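Reading through the structure tokens given below for one structure.
Bear in mind that the values here come from a model prediction, so they are computed numbers and not experimental data.
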Amino acid sequence: MTFRPVLHHVGIVLHDESDAIDQMSLLGLQEDYRGYVSHWSALCIFTKASSGSQIEFVIPNGGPLSTFNPGLGGLHHIALQVPDLDKVALELHAEGMKLLEPVHVRGAGPFICNFLSPVYTRGLRVEYVQLNGA
């Protein structure tokens with residue numbers, strides 16, 4: 001890449017909202033904001049980051065994420081913040097790789113996003129995030 005991405009958040013799939021509340025309590029985290037991403041049928045709850053990066057708890061409501069890790073949930077992805085998702089897509093294409101979605105998706109927060117296909121990363125799910133106004 002011609003620019004250095006920074007860690008934006010880590011996404012963890014959980015069964016339901018009460019699991020997310022329990023995890024936040026256990027880890028001493030507080031909710032910052034939440035949103036629903038209809039493209040993936042998921043409620044996404046982001047924690048406040050006093051320093052470092054946020055944690056996103058992803059609660060599927062049917063859809064493809066409900067069967068992640070045979071329905072058990074767990075660590076789903078790391079998200080890297082980039083200044084320009086279109087440029088990322090072009091650079092990946094030049095390397096013979098592609099993003100999962102043909103059109104970037106409106107995320108649960110103030111950003112658009114897309115995932116690199118895990119076939120290029122030995123199964124690691126990498127989400128690229130571009131903040132609104134970037």
* To do: For the pair Val105 and Phe115, evaluate side-chain contact (heavy atoms from CB on, under 4.5 Å) and give the outcome as yes or no after the intermediate values.
  => CA-CA 10 Å; Val105 175; Phe115 283 83; over 6 Å; no

In a table with atom names and distances, give each donor-acceptor pair under 3.5 Å that connects a side chain of residues 60-72 to protein atoms at least two apart or in another chain.
unit_1	atom_1	unit_2	atom_2	d
Ser66	OG	Gly63	O	2.8
Thr67	OG1	Pro64	O	3.2
Asn69	ND2	Gly73	O	2.7

* Hey, what do you get for CD1 (Ile59) to OH (Tyr36), rounding to the nearest 0.5 Å? -> 11.0 Å

* How would you list, by chain and number, every residue that makes a side-chain hydrogen bond (donor to acceptor under 3.5 Å, both in side chains) with Asp16, sequence neighbours excluded? -> Ser18

* Identify, with sequence neighbours excluded, every residue that meets salt bridge (charged side-chain N to carboxylate O under 4.0 Å, His left out) alongside Glu31. => Arg34

* To do: Flag the pair Thr47 / Gln23 as yes when at least one side-chain heavy-atom distance between them is below 4.5 Å, and no otherwise.
  => no

* To do: Could you walk me through whether Leu92 and Leu116 pass the side-chain contact (heavy atoms from CB on, under 4.5 Å) test, one step at a time?
  => CA-CA 9 Å; Leu92 290 170; Leu116 178 62; 3.8 Å; yes

* To do: Please find out if less than 6.0 Å separates the ring center of His8 from that of Phe111.
  => yes

* So which pairs with a foot in residues 113-123 pass side chain to side chain donor-acceptor pair (under 3.5 Å), sequence neighbours left out? -> His104-Asn114

* Could you list the residues that satisfy ring-ring contact (aromatic ring centres under 6.0 Å, His included) with Tyr33, not counting sequence neighbours? => Phe46

* What pair of heavy atoms forms the shortest contact from Ala20 to Ile45, and how long is it? -> CB-CD1, 4.1 Å

Contacts under 3.5 angstrom, residues 95-103 side chains, donor-acceptor by atom type, not counting sequence neighbours:
unit_1	atom_1	unit_2	atom_2	d
Glu101	OE1	His39	NE2	3.1
Glu101	OE2	His39	NE2	3.4

Side-chain donor/acceptor pairs under 3.5 Å, residues 77-85, sequence neighbours excluded:
unit_1	atom_1	unit_2	atom_2	d
His77	NE2	His9	NE2	3.1
His77	NE2	Glu56	OE1	3.1
His77	NE2	Glu127	OE1	2.9
Asp84	OD1	Asp86	N	3.0
Asp84	OD1	Lys87	N	3.1

* Asked: Any sub-3.5 Å donor-acceptor pair from Ser53's side-chain atoms to Leu7's backbone N or O?
  -> yes

